[in-house]
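Small disclaimer: the values here were computed from a predicted structure and weren't measured. Sequence lines set the chain letters: A, B, ... in the order given, protein chains first and strands last, and positions in each chain run from 1.
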Amino acid sequence: MGEITLTKIKKSFGAVDVLKDIDLEIKDGEFIVFVGPSGCGKSTLLRTIAGLEKVSSGEIEIDGKRVNEVSAADRGLAMVFQSYALYPHMSVRQNLAFGLENSNMPKTEVAERILEAARMLEIEPYLERRPGQLSGGQRQRVAIGRAIVRRPTAFLLDEPLSNLDAELRVSTRAELAALHGRLGSTMIYVTHDQVEAMTLAHRIVVMRAGKIEQVGTPLDLYNTPANRFVAGFIGAPHMNFLAGEVTELQNGAATLATSGGHRLLVPFSGHSLSVGDKLTIGIRPQHITLANDPGSLKVKVRLVEALGSETVIHADLNGEKLLAVVPGQKLISPGDEAHFSVAGAPLHLFDRNGLRVKGC
Amino acid sequence: MGVASRFILRRRGGKSWHWTDIVTWVWLVGGLIIMFGPAVWLAFSSFKTPAALAEFPPSILPYVTSQATVQGYDKPLQLFDAKMPDGSTKVLAEVRRIGLVAQMVDPKAPGEIVRVNINDRTPVRSVSFATENYTTPFTQFDFLQYLWNSVFVTVTATLITLIVNSMAAFALSKYEFRGRSLAMLVILATLMVPLSVIMVPLYSIISSLGLFNNLWGVILPTVATPTGVFILRQYMLTIPDELIDAARMDKASEWQIYWRIVLPLTAPALAVLAIFSVVWRWNDFLWPLIVLSRRELYTLQVGLSIYSGELNVQWHFILAMTVVTMIPVVLVFIFLQRFITTGIAGTGLK
Amino acid sequence: MTAPTPSPTLTERLGSLLMAPVHLLMRAIDIPLRAVQKAAGIGGMATVFLAPNMLIFGIFVLLPLVINFVYSMTGGTAFFLTERQFVGADQYARLFQCANYLDPMSCQEDAFWTAVGNTFWFVVLQVSLMILTALITALILNRDLAARSFWRAVFFFPVLLSPVVVGLIWKWILQRQGLLNFGLYQFGVEPYTWLTDRNWTFVATIGVSLWAHMGFYALILLAGLQAIPKDLYEAAEMDGTKPARVFWRITLPLLMPNLLVVVVLALIRAVQIFDEVYVLTGGGPGTSTLYLTQYIYETGFASALRNPGLAAAASILMGLVLVVLTLIQLGIGQRGEKKGKR
């Protein structure tokens with residue numbers, strides 16, 4: 001079992017509140033990812049779950065039992081650290097055995113578990129080496145191995161891929177996902193990389209400044225971001241934001257005017273908007289097409305990045321920056337005028353406080 | 001010889017000798033002579049007999065004059081190379097000297113006395129090492145005991161220093177607790193409290209603890225070195241905290257973290273501190289001089305100084321024992337010099 | 001990619017064999033400490049780790065520092081505090097009791113003032129010569145020398161020698177039949193007993209302490225010189241700057257933090273000079289090489305008229321000088337640190 005429940009978790013270092021009223025329920029066997037910019041408190045949250053930091057107030061429960069006062073060693077969790085934190089003076093085998101020996105496990109069982117984990121992670125040939133003699137990827141596997149041999153109720157992973165190069169990161173990501181499928185244990189994974197979050201998570205917890213901004217499946221977050229921050233954080237390149245004003249409300253649609261006087265029609269059914277409201281309009285770069293239709297935006301091209309399969313166009317709309325990612329190769333160059341069409345594209349509306357406007 | 005010739009011919013980049021090349025050359029060669037010369041001279045002198053030591057001008061190598069037992073004379077006679085009137089040289093034994101004339105005999109024909117001007121004869125000498133300078137102080141004086149005392153003080157004090165300093169450094173580098181900055185401040189502030197400032201009260205504390213005339217009285221005041229805590233703490237700060245966290249997750253107790261994780265990883269700094277501590281404790285003088293007043297407790301340094309201060313200084317023994325006192329430090333110097341020089345350059349501590 | 005797996009060598013096996021009892025001992029210590037950790041928590045263990053060092057430190061460094069003031073306010077020859085009577089500032093008054101403040105011989109404690117005067121001149125001369133020679137040595141060692149580490153070792157060698165050994169080496173050399181006289185004899189100078197001449201013993205103490213410690217300071221300065229980025233010199237060379245100008249405008253200013261540290265360290269050490277002088281001259285002849293630490297030592301312990309209170313008072317005065325010097329050093333250190341961070 002690996003259910004973890006956090007209730008009203010607060011943590012402050014001196015006068016600084018690092019975590020503010022965190023509530024979260026993590027189901028058994030779930031792969032959950034904490035994501036957010038650096039300094040948002042996601043690592044601190046992970047460390048309070050681990051027991052390496054004490055909470056200032058609030059409750060942490062593991063499988064229904066309150067563990068606030070239980071030491072890190074006795075919570076039954078295992079952690080994979082960002083720097084791997086392998087003991088440099090011990091061989092890989094000793095690294096894996098250290099924790100088991102500390103809980104006075106019989107030697108034969110220790111050896112068995114090490115062998116099993118080593119086979120699973122394909123690190124058997126390196127068991128007698130020191131971490132210093134291993135490559136980054138191998139060290140990473142050892143770090144995971146050290147967690148696996150403990151057979152923990154949940155795995156805590158603190159940015160485990162951030163020290164790997166780009167290529168290795170992609171392959172290890174896939175292996176991690178496969179490993180989770182095999183072990184079926186709860187995994188809590190911290191990262192600042194939204195791509196990792198999107199690819200790995202059952203559910204993503206987006207954090208900012210010590211607060212949870214939104215919890216949901218990757219596609220929930222992509223399709224209906226709860227606020228401007230989540231909208232900007234999830235998805236690459238970032239969502240475009242334009243200032244707009246409601247000029248008309250009728251027939252299940254709202255008409256919005258952008259700063260340049262362009263008009264955009266957004267399907268809308270609700271009561272939360274009224275004419276004259278100032279809004280932020282969010283458009284994902286991938287949802288923009290090049291076309292000269294009535295609702296299109298006339299822009300000035302600043303920069304063109306031809307990536308072959310797609311073309312990234314940096315453009316200027318009356319002083320506001322607009323980014324479009326269009327498929328294929330386009331004959332367009334900086335200085336040109338272009339028409340960005342958003343017809344049929346999902347537009348996201350955010351009110352003055354950055355919250356998603358209900359009903360759009 | 002490549003290095004030597006490169007050194008001799010090295011110039012400041014250009015073709016001709018710059019004045020700084022000459023200064024460098026003079027300074028280095030002069031330095032070599034002045035820095036090594038005295039110690040080498042001492043080492044050579046330590047193998048001379050008292051008679052050779054009293055000679056002036058002195059010889060570099062330890063010579064003894066040759067003697068021979070000649071029939072008809074009770075005592076052995078000194079041998080000389082004497083220049084004969086016919087110009088040849090002959091080995092003769094001197095019977096006695098009257099003014100400028102020496103009465104000499106040929107050892108092979110002891111009957112006939114030959115008179116030779118003392119300027120026409122030179123002593124027959126051979127190189128011989130007076131090893132009894134070394135053996136006598138050990139066998140007949142207390143120097144073996146002093147040596148043992150010094151070794152005991154050095155080894156014990158170094159071990160305790162390493163243990164208590166590393167424990168304190170661990171606490172000061174890896175824990176957050178109230179009073180940590182105060183403890184650091186106290187340690188920093190006393191980094192420079194010299195013995196000379198506290199020797200009177202320290203003496204009273206040592207005697208109230210009953211440690212006067214006790215080697216522990218020499219050891220204990222030296223072991224809580226702020227310098228050691230400082231060096232080790234600086235080093236431990238470079239050990240990632242994640243390692244400690246990982247060990248905690250691995251169910252290690254704090255003591256286990258200290259001796260199974262932190263201590264092995266601090267080995268380089270511990271080695272530097274160990275070397276320093278050995279040199280410090282071996283060389284300590286003033287404090288042992290104050291605490292130890294019984295002869296059998298003297299350390300080598302105290303014993304040497306007391307013996308050399310006596311009225312009839314037996315220099316041949318003193319010199320030999322000085323060499324013995326120098327040996328551990330010279331060994332440390334030869335084998336661990338690199339450690340020490342980088343240690344000093346890095347911390348500015350001695 | 002696959003490096004051969006290192007099999008344990010003989011030394012490693014021997015090492016683990018020797019370490020076995022240590023490991024056992026550590027395990028034994030762990031048992032009670034686990035209980036302590038349970039009771040005190042992880043944070044409480046910090047105190048446990050700090051305790052032995054702080055206890056020893058408190059008893060043998062902090063406590064004496066405090067008691068020293070009490071000592072300086074009490075009189076008599078007894079060492080136990082309870083047996084000493086309070087005399088207030090008498091000891092200090094005695095130290096400063098002088099008929100003519102320009103003449104140390106007119107003071108009641110003329111030995112103290114002689115020691116102060118000797119120490120002052122010793123410090124001034126020794127430190128300035130020390131800095132000069134150490135700087136020259138460091139500059140020379142910083143040149144592109146063949147076998148630099150050998151030359152560094154040459155100058156560093158005496159630093160490790162014990163003061164007693166240093167004192168004896170030089171006592172032997174300055175003897176009537178010593179190496180110095182032998183050297184001078186080659187130039188026709190008659191042998192001289194250097195260590196019985198008041199002026200020469202003073203010079204000798206300076207020379208000997210220079211010999212013994214110069215390498216240490218040269219090493220610190222050398223480290224400072226080597227920390228100066230090479231490209232600065234290359235840039236100066238590209239600008240056609242004259243070597244002397246390079247020294248005054250680049251080397252010296254950038255070496256200044258190290259130089260200041262060395263000056264203060266040398267001052268602190270020079271004020272406390274004792275061991276090698278004690279062995280070399282015993283403070284004599286007369287009081288010509290009587291320095292402060294020896295005065296304190298003899299007043300407190302060695303002389304027939306011992307007066308621990310007076311020694312404590314003198315040591316506190318000396319401590320004040322050292323505190324000032326240490327504060328200067330800490331100040332320099334912090335300024336250096338701030339600079340480094342920027």
(Q) Between A:L100 and chain B, with a heavy-atom cut-off of 4.5 Å, which part of the residue counts as in contact: side chain, backbone, both or neither? (A) neither
Q) B:F138: what forms a ring pair (Phe, Tyr, Trp, His ring centres under 6.0 Å) with it, not counting sequence neighbours? A) none
Q: Go through B:A252, B:A267, B:P240 and name the one with the most non-hydrogen pairs under 4.5 angstrom from chain A.
A: B:A252
Which side chain or backbone donor-acceptor pairs connect chain B with chain A at less than 3.5 Å?
residue: B:E242; atom: OE1; partner: A:S83; partner atom: N; Å: 3.1
residue: B:E242; atom: OE1; partner: A:S83; partner atom: OG; Å: 2.4
residue: B:D245; atom: OD2; partner: A:R47; partner atom: NH1; Å: 2.7
residue: B:D245; atom: OD2; partner: A:R47; partner atom: NH2; Å: 3.0
residue: B:A246; atom: O; partner: A:Y87; partner atom: OH; Å: 3.4
residue: B:A247; atom: N; partner: A:Y87; partner atom: OH; Å: 3.2
residue: B:M249; atom: O; partner: A:R150; partner atom: NH1; Å: 2.6
residue: B:M249; atom: O; partner: A:R150; partner atom: NH2; Å: 3.2
residue: B:D250; atom: O; partner: A:N102; partner atom: ND2; Å: 2.9
residue: B:D250; atom: OD1; partner: A:R150; partner atom: NH1; Å: 3.4
residue: B:D250; atom: OD2; partner: A:Y87; partner atom: OH; Å: 2.9
residue: B:Q256; atom: NE2; partner: A:N102; partner atom: OD1; Å: 3.0
residue: B:R260; atom: O; partner: A:H89; partner atom: NE2; Å: 2.6

Q: Counting only heavy atoms closer than 4.5 Å, note whether B:A247 contacts chain A via side chain, backbone, both or neither.
A: both
Q: Please flag which part of A:A78 lies under 4.5 Å from any non-hydrogen atom of chain B: side chain, backbone, both or neither.
A: backbone
Q: Could you check if a side-chain atom of B:I261 sits within less than 4.5 angstrom of a side-chain atom of A:F98, using non-hydrogen atoms only?
A: yes
(Q) Looking at every non-hydrogen atom in both residues, tell me the closest pair between B:L243 and A:P88 and how far apart they are. (A) CD1-CD, 3.9 Å
